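Inspection log for the structure reproduced underneath, given as C-alpha cells.
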Amino acid sequence: MNAPLSSTSNSEENRFSVARLFRLAVWMMVWLALGDFAIQKLFPPQGGGVGVAKFARYFDYGRSTEGKLSTLVDPRGSDLDDPIIKAGWLEPTVWASLPTQPEQGDELLVAGYGMSFNNQLCEAAADLHGKMTLRLIAGPAAPPSHSYRAWELDEAGGEADVAVFGVLASSVKRMRNLSGLTWTYEHPAPFTYPIYRLEHDGLERIDPLIRTETDFREAFLERNLKWHRFSVQMRRHDDSFRSAIFFGSPADQSAIVRLTRRAYAVKVDEKAERGLRLPKAGFDPASEEMQVLARLIGAFAEGSRARGQLPVVALYEDRGYHGQLKRALEQPLAESSVSVLASSDWIAEGDLTAFVGDGHFTPEVNHLLAGRLLEIIEQDGRDVLADVGE
C-alpha cells in the first residue's frame with residue numbers, strides 16, 4: 001500500500017526539482033543579459049573620459065579580429081587608417097624612398113631586416129659611428145620568415161655594405177603564421193608574409209594571397225572573394241587561425257561573449273610554441289621551425305656575400321629566452337660562417353633592468369650591443385669594406 005504513495009512522492013519531487021532548475025536557469029540568463037546591457041551602456045567602445053576609456057578597452061578586447069579591423073580601417077581613405085594598417089608590408093615599391101647609397105659625408109650604408117629591436121640596434125650603431133646611413137625594413141614583432149623575404153625582395157638594398165638580419169626569440173613561433181592578423185590580437189596588424197616548410201632537400205614557400213596594403217584594404221572593406229580565399233588559406237596553413245576569433249558576427253555586441261572570446265584567444269596563443277620550445281631545454285633544434293630558420297640564415301649569409309655585403313645575424317633574446325636561441329642555432333651559425341651578435345652574451349640571465357616597460361632593451365643596452373656591432377663590422381668586414389670611403 002505504501003509503494004504507490006512513495007512513487008508518487010518521488011515523481012512530484014523530481015518535477016519540483018526540474019522546475020527549480022528551469023527557473024534558476026531563466027534567472028541566470030536574465031541577470032547575464034542585464035549585466036551585458038549594463039556593461040554596454042556604462043563602457044561603450046567609444047566612451048569618453050580617461051577612466052571610462054580604459055574600462056571600454058578592457059571589455060572590448062574580445063571583439064573579433066574583423067570587428068577590430070572595422071575600427072582601424074577607414075572606408076573614407078587610407079590616410080585615415082590606424083597606422084598599424086600600413087606597417088610591415090613586403091612591398092618593394094614602398095621602399096623606393098629608402099637610401100640606396102651612403103648619404104653625403106657618410107662612409108657606410110647598413111641595411112637592416114627585422115623588427116623594432118633590429119631598428120633600435122642599427123639606429124644606436126649609427127649614433128655611435130657618426131658616418132653611417134641606414135636602410136631599415138621591418139615589421140611589428142616580425143618573425144624570421146618575414147625578415148628573410150624582405151631581404152630577398154630588397155634588390156635595391158643589395159648596394160648596402162652591411163646587411164643585418166634580426167631574429168627575435170619570441171617571434172620564432174610566428175613562422176607558423178601567414179599574417180599578423182592571427183597573433184596581434186589586441187591590435188590587429190594585417191601585414192602578411194610567407195610560411196616556409198621543409199620539402200626534400202629544400203624549402204617550400206607558401207605565399208599569402210594578400211600581399212599589399214592596397215589589396216588588403218579593398219578585400220576587407222568589400223569582403224570580396226579574395227578576402228574569402230585568404231581566410232580559407234589561413235585556416236589551412238596558419239597555425240593560430242581560429243574562425244571563432246577571426247570572423248565578426250552580431251555576437252561582437254555582447255560584452256560577455258567578447259570576454260569569453262578574449263580568454264579563448266589567450267589559450268590559443270599559449271599553445272603557439274608547442275613542439276618548438278621544450279620546457280627545460282628551450283628551442284628544439286630538431287623542430288621544423290628551427291630547421292627552416294637554419295636554412296634561411298644559411299641562404300641569407302651566402303646571398304649577402306654574393307651581393308658583396310657583410311652579413312650579420314643579430315639574435316635578440318627577450319624576456320624568458322636567455323641563451324636559448326643562440327644554443328639552438330649554434331651549429332647552423334657556425335656552418336654558415338656568418339657574423340653573429342647575440343644579446344645573451346651581453347645581458348646577464350634574469351637581468352630585468354636590461355628591459356624597458358614595453359619589453360624592448362633600454363637605450364644603454366642598445367648602445368652596448370651597437371658597440372659590439374661596430375666591432376664586428378670593423379673586424380669581419382675588412383675585406384668586404386676595403387674600398388669603402390675611397
Side-chain angles (χ1 to χ4, degrees), residues 61-73 78 81-91 94-95 113-119 136-151 153 166-196 205-221 226-227 229-248 261-262 264-266 268-273 276 289 293 316 318 358-360:
Y61 277 153
R63 190 174 296 275
S64 67
T65 301
E66 285 189 336
K68 289 179 179 178
L69 287 175
S70 295
T71 68
L72 302 176
V73 181
S78 62
D81 289 346
D82 185 282
I84 197 66
I85 300 301
K86 299 182 180 299
W89 291 99
L90 296 173
E91 293 188 71
V94 175
W95 308 333
Y113 306 92
M115 69 309 294
S116 53
F117 281 83
N118 206 54
N119 285 359
L136 303 179
I137 298 174
S145 45
H146 176 281
S147 303
Y148 177 80
R149 187 58 175 157
W151 167 81
L153 291 172
V167 181
L168 179 63
S170 60
S171 290
V172 173
K173 58 181 175 286
R174 307 307 180 188
M175 295 173 68
R176 297 170 167 175
N177 308 126
L178 280 167
S179 172
L181 286 176
T182 61
W183 52 269
T184 55
Y185 184 66
E186 301 292 0
H187 197 157
F191 72 99
T192 62
Y193 52 91
I195 290 176
Y196 294 89
R205 191 182 75 221
I206 302 171
D207 287 312
L209 295 178
I210 292 179
R211 304 180 196 178
T212 69
E213 178 200 348
T214 301
D215 283 350
F216 160 74
R217 292 190 84 260
E218 178 181 336
F220 173 71
L221 289 173
K226 178 173 283 190
W227 185 252
R229 287 177 174 171
F230 183 49
S231 67
V232 171
Q233 184 188 38
M234 286 193 292
R235 182 184 292 110
R236 181 180 178 186
H237 297 290
D238 193 303
D239 195 58
S240 299
F241 182 88
R242 299 292 186 279
S243 297
I245 297 173
F246 187 82
F247 292 114
R261 186 191 284 124
R262 164 63 178 156
Y264 177 50
V266 170
V268 171
D269 195 60
E270 288 175 350
K271 298 178 181 179
E273 288 186 323
L276 167 63
E289 287 76 22
L293 178 53
Y316 305 103
D318 37 345
D358 65 0
H360 288 90

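Sequence positions, counted from 1, serve as the residue numbers for this chain. No experiment lies behind these values; they were computed from the predicted model shown.
- Between R211 and W89 there is no side-chain heavy-atom pair separated by less than 4.5 Å.
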TODO: Carefully, step by step, assess K86 and S78 under the rule side chain to side chain contact (heavy atoms under 4.5 Å, CB included).
DONE: CA-CA 9 Å; K86 299 182 180 299; S78 62; 3.7 Å; yes
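- The salt bridge (Lys or Arg N to Asp or Glu O under 4.0 Å) with D269 is formed by just one residue from the set R174, K173, R176; it is R174.
- Residues F246 and W227 bring their aromatic ring centres within 6.0 Å.
- Within a 6.0 Å radius of CZ in R229, other residues, nucleotides and ligands contribute 12 heavy atoms or fewer.
- Atom-to-atom distance recorded for D238:CG and T192:OG1 is 11.0 Å, nearest 0.5 angstrom.
- For the residue pair G114 and S147, the shortest heavy atom distance occurs at CA-OG, 3.2 Å.
- Under the 3.5 Å distance criterion, the side-chain polar atoms of T182 are left unmatched by any main-chain donor or acceptor of L178.
- Using a 3.5 Å distance cut-off with no hydrogens or angles, the side chains of D82 and H187 do pair a donor with an acceptor.
- One distance of note links CD of E66 with OG of S231; it measures 8.0 Å at 0.5 Å rounding.
- In this structure, the side chain of Q233 engages the main chain of L209 through a donor-acceptor pair within 3.5 Å.
- Panel note: side chain N177, backbone S179; no donor-acceptor pair is recorded below 3.5 Å.
- Atoms CE and OH, on M115 and Y316 in that order, are 7.0 Å from each other to the nearest 0.5 Å.
- When each of L72, V73, I85 is checked for a side-chain contact (heavy atoms from CB on, under 4.5 Å) with P190, only I85 meets the rule.
- Residues Y113 and N118 bring no donor and acceptor atom of their side chains to less than 3.5 Å of each other.
- A heavy-atom distance below 4.5 Å is not found between the side chains of Y196 and M175.
- At least one side-chain heavy atom of L90 sits less than 4.5 Å from a side-chain heavy atom of P194.
- Separation of atoms OG1 (T65) and CZ (R261) is listed at 8.5 Å; rounding is to 0.5 Å.
- A distance-only check finds a donor-acceptor pair linking the side chain of E91 to the backbone of E213 [under 3.5 Å].
- Below 30°, between 30° and 60°, or above 60°: for F220 and F216 the angle between ring planes is below 30°, a parallel geometry.
- Contact annotation: the side chain of T184 never approaches that of P140 to less than 4.5 Å [non-hydrogen atoms, C-beta and beyond].
- Using a 4.5 Å heavy-atom threshold, the side chains of R262 and Y185 count as touching.
- Rounding to the nearest 0.5 Å places CZ of F230 at 5.0 Å from CD1 of I210.
- For the pair H360/S116, a side-chain contact is recorded, criterion being any heavy-atom separation below 4.5 Å from C-beta on.
- Between Y193 and D207, every side-chain heavy-atom pair lies at or beyond the 4.5 Å cut-off.
- Not a single donor-acceptor pair under 3.5 Å links the side chain of S240 to the backbone N or O of W183.
- In this structure, OG in S70 is found 8.5 Å from CG in L221, a value given to the nearest 0.5 Å.
- Taking both residues in full, the closest heavy atoms of P188 and L69 are given as CB-CD2, 4.0 Å, listed atom of the first, atom of the second, then distance.
- The side-chain heavy atoms of I245 and Y264, taken from C-beta on, include a pair separated by under 4.5 Å.
- For the pair S145 (side chain) and I195 (backbone), a donor-acceptor distance under 3.5 Å is absent.
- Here the two rings, on H146 and F191, have centers that are under 6.0 Å apart.
- Salt-bridge formation is not detected for the pair D239/K271: no Lys NZ or Arg NE/NH1/NH2 atom is positioned less than 4.0 Å from an Asp or Glu carboxylate oxygen.
- Between S171 and P144, the closest heavy-atom pair is O-CD, 4.0 Å.
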